[in-house]
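Input: a single structure, listed below in C-alpha cells.
Owing to the predicted nature of the structure, the values given are computational and were not obtained by experimental measurement. Chain identifiers are assigned alphabetically (A, B, ...) following the order of the sequence lines, protein sequences preceding nucleic acid strands; residue numbering begins at 1 within each chain.
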Amino acid sequence: MAKVVVCVAWPYSNSPIHLGHVAGSLLPPDIFAKYHRLKGDEVLMVSGSDQHGTPVTVKAEKENVSPEEIAEKYHNINSKAIKDLHIDFSLFTKTHTQNHFEVVHDVFLRLLDNGYLYKKETLQYHCPRCQRFLPDRYVEGRCKNCGNERARGDQCDSCGTTFSAGEIEAARCTLCGSSPELKDTEHYFLRLSAFQERLLDYVRDKSYWKANVQTFTRNWLEAGLADRAITRDMTWGVNVPLPGWEDKVIYVWFEAVIGYLSASIEWAKRSGDRDAWIPFWTDPEVRHYYFLGKDNIPFHTIIWPAILMGYGGLNLPYDVPANEFLTFKGEKFSKSRGVGIDIPSLLQDYDSDIIRYYLATEMPENRDAEFSWEEFEVKINNELVATLGNYYHRVLSFTHRNFGNVPEFKSTEENRREVTDAIRTAMGQVDEHLSTCQFKKALKSVMDLAQFGNRYFDSVAPWALVKNDRDKCGSVLNLNLEVVKSLAVLSYPFIPRSAEDVWRLLGYEASILDKGWGWIMTPISAGQILQESRPLFSRVVIGKGDQMFSDFEKLSLKIGTIQSVSDHPNADKLLVMDVDIGRRIRLVAGLKGHYLSDELIGKKIVVVTNLQPAKLRGVESQGMLLAAEHGGKVMLLTPAADVLAGESVDCGMKPSEKVLTFPEFQKLSMLVGRMASQDSVDIGRIVRSKGPCAAAGPGKTVAVFLPSAEACDALVLCTKNGVPITVDGDIESGAPIR
RNA sequence: AGCGGGGUGGGGUAGCCAGGAUAUCCCGUCGGGCUCAUAACCCGGAGAUCGGUCGUUCAAAUCGACCCCCCGCUACCA
C-alpha cells in the first residue's frame with residue numbers, strides 16, 4: 001500500500017467556482033485520487049479557499065462588508081459545490097485559519113534563519129485618496145517607451161517594457177483615478193536567485209512532465225530568476241511574525257502555496273494523530289502530484305519547490321499535470337469577466353455524474369477545449385445514456401425480471417474467456433492511463449468496455465434463450481453481470497454516483513471503495529439478490545433559443561444625436577463625441593479622415609448602447625456608433641426619416657439590456673443591403689427580407705442583420721415606430737457594418 | 001500589428017513530441033439486423049491525396065523551411 005499526496009490549486013475566494021475550475025484543476029485530481037483509493041493506496045488530497053489578497057478587499061469594499069465576510073461566503077458556497085460534485089478531499093480548508101498562519105510563520109522564520117529572505121527598501125505607489133499602498137496592477141500610466149496610456153505599474157502590455165516603481169508617467173490609481181504618490185517602504189524578498197542551480201537540477205529528470213509544463217518551466221529558468229518581494233503593505237492577510245511589521249502582510253503568492261503543507265498538518269490534527277502528515281511529506285518514496293491550470297505553472301514548478309528547498313526536508317512535487325483552459329464561446333472562463341457557468345447553479349439542473357462525465361471527456365489536457373451546450377447534450381445522450389446507461393439497464397432489468405438473483409454460470413470456460421479477456425484488457429488500459437494522468441484516454445477505455453457489453457449482449461440474445469434454454473440464458477447473463485460489475489468499478493473514479501448505484505443494484509452492501517480494484521476480476525456470487533433496476537442517467541434536453549433572429553435581441557440599438565465633437569488628445573484617427581440617446585453618453589470613434597467635425601454635429605446616428613464600455617487610448621467610450629465600411633470608405637448609419645433621439649432600433653423585438661462584450665458583438669453580423677423587390681434584398685447576393693420594414697421600397701439602401709453567414713433571411717433594421725435605417729451616402733451592397 | 005493556440009471525411013475530434021503498411025472516435029447520412037433496453041442496441045456502406053508549396057527520408061498527418069487561413073489575448077478595431 002503506497003502513500004500518495006494529491007494537491008489541488010486553491011480556488012480564489014471571491015466568486016463561485018465555474019466549469020473551468022472543475023475541468024482544469026478539480027476533477028482530474030479527484031479522478032486520480034479515487035483511482036488510487038480503489039487500488040488501496042493511502043491518499044492525502046488537500047486544497048482550500050485562497051482567501052487573502054487585494055481582490056477580496058476590493059470586492060468587500062464594493063459590497064460594504066468586511067473581507068472576512070466575502071472570504072467566508074465564497075468559501076462556504078464553493079465547499080458545498082465541491083461536495084455536491086462528489087469531489088472527495090481529505091480536507092478542503094481555507095487560508096484564513098490560525099493553523100495556516102502558524103505554518104506560514106514557521107516557514108517564513110525558517111527561510112529567514114537559513115538566509116533566504118532579506119530586507120530591502122523600495123519605492124511603492126501609495127494612493128492618498130484610498131489610503132493604501134497600491135499593488136502594481138492597480139496603477140496605470142503612460143509608458144515612457146511607447147506612449148501607451150494604459151501601461152500597468154510594473155509592465156507595459158503594449159511594448160513589453162518593464163518598469164520599477166516611479167518609471168511610468170502620469171500614474172493614476174485604477175480604483176479611484178487620483179494620482180498616487182511614491183513612498184519608501186521596506187519589504188522582505190525571497191532570494192530566488194539562490195535556487196537557480198538546484199532548480200535546474202530538480203527539473204532535469206522530469207522528462208515525464210507534460211510538454212507544456214516542461215517548456216514553460218525551462219524558459220523561466222533560462223531567463224534567470226529574480227528575487228521577489230514576499231510582503232505587501234496591507235492589513236488583510238497573514239501578518240509578518242516580526243516586531244515593527246504590524247502594518248504589513250505576507251504576499252499571497254508566497255503564502256497560498258504553503259497551504260498545501262498547512263492543510264496537510266490541519267488534516268492530521270483533525271484525524272486525531274497530529275503527526276500523521278509527516279510520513280506523507282518526508283518519506284521520499286511518496287509522490288506529490290499538483291493539479292492546476294496553465295496560468296499557475298511557474299508557482300508550482302519553481303517558486304514552491306524553491307520554498308520547499310529553502311525549508312528543507314520536505315518532498316518536492318513529483319508531477320505537475322497542468323491543464324490548458326476550458327473555453328466557452330471561444331473565450332476563457334473567467335470569473336472577473338463574468339464569462340462562464342458557475343457550478344452551484346449548474347448543479348441545480350444536472351446530476352453531478354452528468355457534469356463529471358462531460359467534463360472528463362472534454363478535459364483540456366493538451367490544448368484548450370471548448371464547452372458547448374450542444375456538445376454537452378450530444379455526449380450525454382449518445383454516450384453516457386445510450387451506451388453505458390442503457391447497457392446497465394438492459395442487463396439488470398432483464399436479469400432481475402427473469403431470475404431475480406445472479407444466475408449460476410453453467411457453461412464452458414472457453415465461453416467465459418471471451419468476456420474475461422475483454423474485462424482484463426479494459427482494466428489494463430484504464431490502469432495504465434490513470435496512473436499516468438491520461439484521463440480522457442482512460443474514460444475512453446471504460447466506454448469501450450460498455451460497447452463491448454452491448455455487442456456481447458446482442459450476440460448471445462438472452463431474450464431468445466430465456467424461452468428455450470434457461471441454463472444457457474443464466475450463464476450468459478452471469479457473464480454480462482461480470483461486465484456490469486467491472487464497469488461499476490472502472491467508472492467509479494469518473495462517475496461515482498452511478499457506480500455506487502449500480503453496485504447496490506447488483507446486490508452488494510459494502511461500497512465499491514471497500515471492495516476495491518481487485519473486485520474487477522473477482523467473480524460475482526451466484527444467488528446474490530438483485531435489486532429492481534431503474535435507469536441510471538436521464539437524457540438531457542437543452543432549451544434552444546431557436547428563433548431565427550434571436551441573436552439580434554442581444555443588441556440594444558438606439559438613435560442618437562451628436563452634440564459635440566472633439567479630437568482625441570492622444571490618437572490620430574479617433575474623435576471623442578457627446579451623444580444624446582435619451583441620456584448623454586460619450587463615444588470614441590475612428591471617424592477622423594472620413595467626416596469633418598462640423599458635418600457630424602447634429603447628425604442622427606445609430607448607437608449600440610449595451611456594449612461593455614472600453615477605454616480607447618485612455619478615453620472611455622460608453623457605446624459604439626454603427627457605420628458601414630467598404631474600400632476605405634466609412635459611412636454612418638442613420639434613420640431614413642427624422643426620429644427622436646433615444647428611440648430604440650429594435651425591429652419590434654425585445655432587445656436585452658445585458659452588457660455585451662466586444663467579442664460577442666463581433667460575432668453578430670450586420671450588412672448594407674439594397675432592396676431588390678418587395679421581399680428580397682441584395683447584400684452581395686439576394687436573400688429574403690424580413691421584419692416590419694421588409695418592404696422598404698425597391699432600390700432603397702438599408703441596414704440588415706444576418707443571423708449567420710449562409711442565412712437566406714435578413715432582418716431589415718428599423719426603429720420601434722417602423723422607420724428603416726439607411727446609410728449616410730452611397731456604398732456597395734454587402735458592405736459590413738461595425 | 002505583437003504574443004499564444006489551431007487548420008485531419010458534412011460538423012466535432014484522436015493521432016503529431018519519440019516518422020512506418022487499410023488515419024481514430026462521436027454525431028450526421030445510406031442500407032441491413034434485433035426487439036431485452038431510456039426512439040435505446042448491433043452490423044455494414046459511402047465520404048479525407050490529414051490548409052498549401054518545397055524539402056529531409058526507403059517511408060511524412062507526424063520532422064524542417066516558406067506561405068495561406070481561423071481563433072484567443074493584447075492594441076490608435078468602436
Side-chain angles (χ1 to χ4, degrees), chain A residues 146-150 156-160 207 210-212 214-216 294 324-325 327 329-332 334 337 361-362 364-370 372 374-375 377-379 381-402 440-441 444 447-448 450-466 473 477 480 533-540 568 570-577 587-592 607-608 611-627 629 634 662-663 665-667 737-738:
Chain A
C146 72
N148 171 25
E149 283 292 328
R150 298 189 62 188
C156 172
D157 289 333
S158 188
C159 66
S207 55
K210 283 190 187 183
N212 59 343
Q214 287 192 47
T215 315
F216 214 106
K294 64 179 168 187
E324 304 287 311
F325 291 137
T327 60
K329 293 187 177 161
E331 283 186 68
K332 177 192 165 188
S334 155
R337 267 173 298 180
T361 62
E362 282 308 288
E365 277 178 350
N366 295 311
R367 66 178 57 171
D368 288 356
E370 167 82 4
S372 90
E374 290 75 23
E375 193 65 19
E377 187 176 345
V378 163
K379 286 244 164 151
N381 291 345
N382 289 320
E383 294 179 21
L384 186 62
V385 179
T387 305
L388 182 63
N390 184 238
Y391 179 63
Y392 279 150
H393 189 54
R394 67 198 296 211
V395 173
L396 289 167
S397 61
F398 188 87
T399 315
H400 180 262
R401 183 169 345 111
N402 291 292
K440 285 206 265 197
K441 279 189 184 167
K444 178 71 173 52
M447 295 308 284
D448 284 347
Q451 194 170 23
F452 165 84
N454 274 314
R455 204 180 307 133
Y456 179 71
F457 194 90
D458 271 16
S459 73
V460 295
W463 57 89
L465 290 175
V466 75
C473 181
L477 288 175
N480 271 293
S533 178
R534 55 185 166 71
L536 275 301
F537 313 100
S538 350
R539 295 173 60 84
V540 301
H568 190 293
N570 254 309
D572 300 337
K573 293 190 223 157
L574 299 181
L575 292 177
V576 179
M577 49 194 117
L587 297 184
V588 180
L591 291 176
K592 226 193 250 186
V607 182
V608 186
L611 198 61
Q612 188 160 49
K615 274 189 196 167
L616 294 179
R617 219 154 152 87
V619 179
E620 184 171 82
S621 186
Q622 296 160 323
M624 170 168 167
L625 56 80
L626 292 181
E629 205 173 349
V634 171
F662 193 67
F665 170 75
Q666 281 185 311
K667 294 195 177 94
I737 291 170
R738 54 181 324 200

Using the [atom1] atom as the point on both nucleotides, what is the distance between [M] and [N], in whole Å?
{"N": "C50(B)", "M": "G19(B)", "atom1": "C1'", "answer": "14 Å"}
{"N": "C70(B)", "M": "G33(B)", "atom1": "P", "answer": "48 Å"}
{"N": "G64(B)", "M": "C26(B)", "atom1": "C1'", "answer": "34 Å"}
{"N": "A46(B)", "M": "C30(B)", "atom1": "P", "answer": "16 Å"}
{"N": "A61(B)", "M": "U8(B)", "atom1": "P", "answer": "15 Å"}
{"N": "U13(B)", "M": "C27(B)", "atom1": "P", "answer": "16 Å"}
{"N": "G7(B)", "M": "G15(B)", "atom1": "P", "answer": "10 Å"}
{"N": "G5(B)", "M": "C77(B)", "atom1": "P", "answer": "25 Å"}

Rounded to the nearest Å, what distance is computed from the [atom1] atom of residue [X] to the [atom2] atom of nucleotide [N]?
{"X": "L388(A)", "N": "A37(B)", "atom1": "CG", "atom2": "P", "result": "18 Å"}
{"X": "W463(A)", "N": "G33(B)", "atom1": "CH2", "atom2": "P", "result": "15 Å"}
{"X": "K444(A)", "N": "U24(B)", "atom1": "NZ", "atom2": "P", "result": "12 Å"}
{"X": "H393(A)", "N": "U35(B)", "atom1": "NE2", "atom2": "C1'", "result": "14 Å"}
{"X": "L477(A)", "N": "C36(B)", "atom1": "CG", "atom2": "P", "result": "13 Å"}
{"X": "E362(A)", "N": "U13(B)", "atom1": "CD", "atom2": "C1'", "result": "9 Å"}
{"X": "M577(A)", "N": "A78(B)", "atom1": "CE", "atom2": "P", "result": "10 Å"}
{"X": "L575(A)", "N": "A78(B)", "atom1": "CG", "atom2": "C1'", "result": "12 Å"}

[atom2] on [Y] to [atom1] on [X], rounded to 0.5 Å:
{"X": "N390(A)", "Y": "F537(A)", "atom1": "CG", "atom2": "CZ", "value": "11.5 Å"}
{"X": "R539(A)", "Y": "L384(A)", "atom1": "CZ", "atom2": "CG", "value": "11.5 Å"}
{"X": "Q451(A)", "Y": "K444(A)", "atom1": "CD", "atom2": "NZ", "value": "7.5 Å"}
{"X": "L587(A)", "Y": "L625(A)", "atom1": "CG", "atom2": "CG", "value": "6.0 Å"}
{"X": "L536(A)", "Y": "L388(A)", "atom1": "CG", "atom2": "CG", "value": "7.5 Å"}

Stems where RNA chain B pairs, listed by first number, each of three or more Watson-Crick or G-U pairs under 3.5 Å
B:1-7 with B:68-74, B:10-12 with B:25-27, B:29-33 with B:41-45, B:51-55 with B:63-67

Out of A78(B), C26(B), C36(B), whichever nucleotide has its closest atom nearest the side chain of F398(A)
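Shortest atom-to-atom distance from the side chain points to C36(B).
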
Testing U38(B), A78(B), C36(B) for proximity to the side chain of S397(A), the answer is C36(B)

Any R394(A) side-chain heavy atom under 4.5 Å of N480(A) side chain:
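A side-chain contact under 4.5 Å is absent here.
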
Scan [X] against the nucleic acid and name what it touches under 4.0 Å (heavy atoms): base, sugar-phosphate only, or nothing.
{"X": "L536(A)", "answer": "base"}
{"X": "F537(A)", "answer": "base"}
{"X": "P535(A)", "answer": "base"}

Restricting to non-hydrogen atoms, name the atom on [X] and the atom on [Y] that form the minimum distance, rounded to 0.1 Å.
{"X": "M577(A)", "Y": "A589(A)", "value": "CE-CB, 3.8 Å"}
{"X": "K379(A)", "Y": "E362(A)", "value": "NZ-OE2, 3.2 Å"}
{"X": "S533(A)", "Y": "S397(A)", "value": "CB-N, 3.7 Å"}

First of F457(A) and K440(A) reached from the 5' end of RNA chain B, by closest nucleotide
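The residue whose closest nucleotide sits nearer the 5' end is K440(A).
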
Nearest-nucleotide 5' precedence on RNA chain B, K441(A) against R401(A):
K441(A)

Residue of the set Y391(A), Y392(A), F398(A) for which side chain to side chain contact (heavy atoms under 4.5 Å, CB included) holds with V395(A):
Y391(A)

Show your reasoning for whether side-chain contact (heavy atoms from CB on, under 4.5 Å) applies to N381(A) and V540(A).
CA-CA 7 Å; N381(A) 291 345; V540(A) 301; 3.8 Å; yes

The contact string for nucleotides 40-46 of chain B, one letter per nucleotide 5' to 3', using protein heavy atoms under 4.0 Å with B, S and - for base, sugar-phosphate only and none, comes out as SBSS---

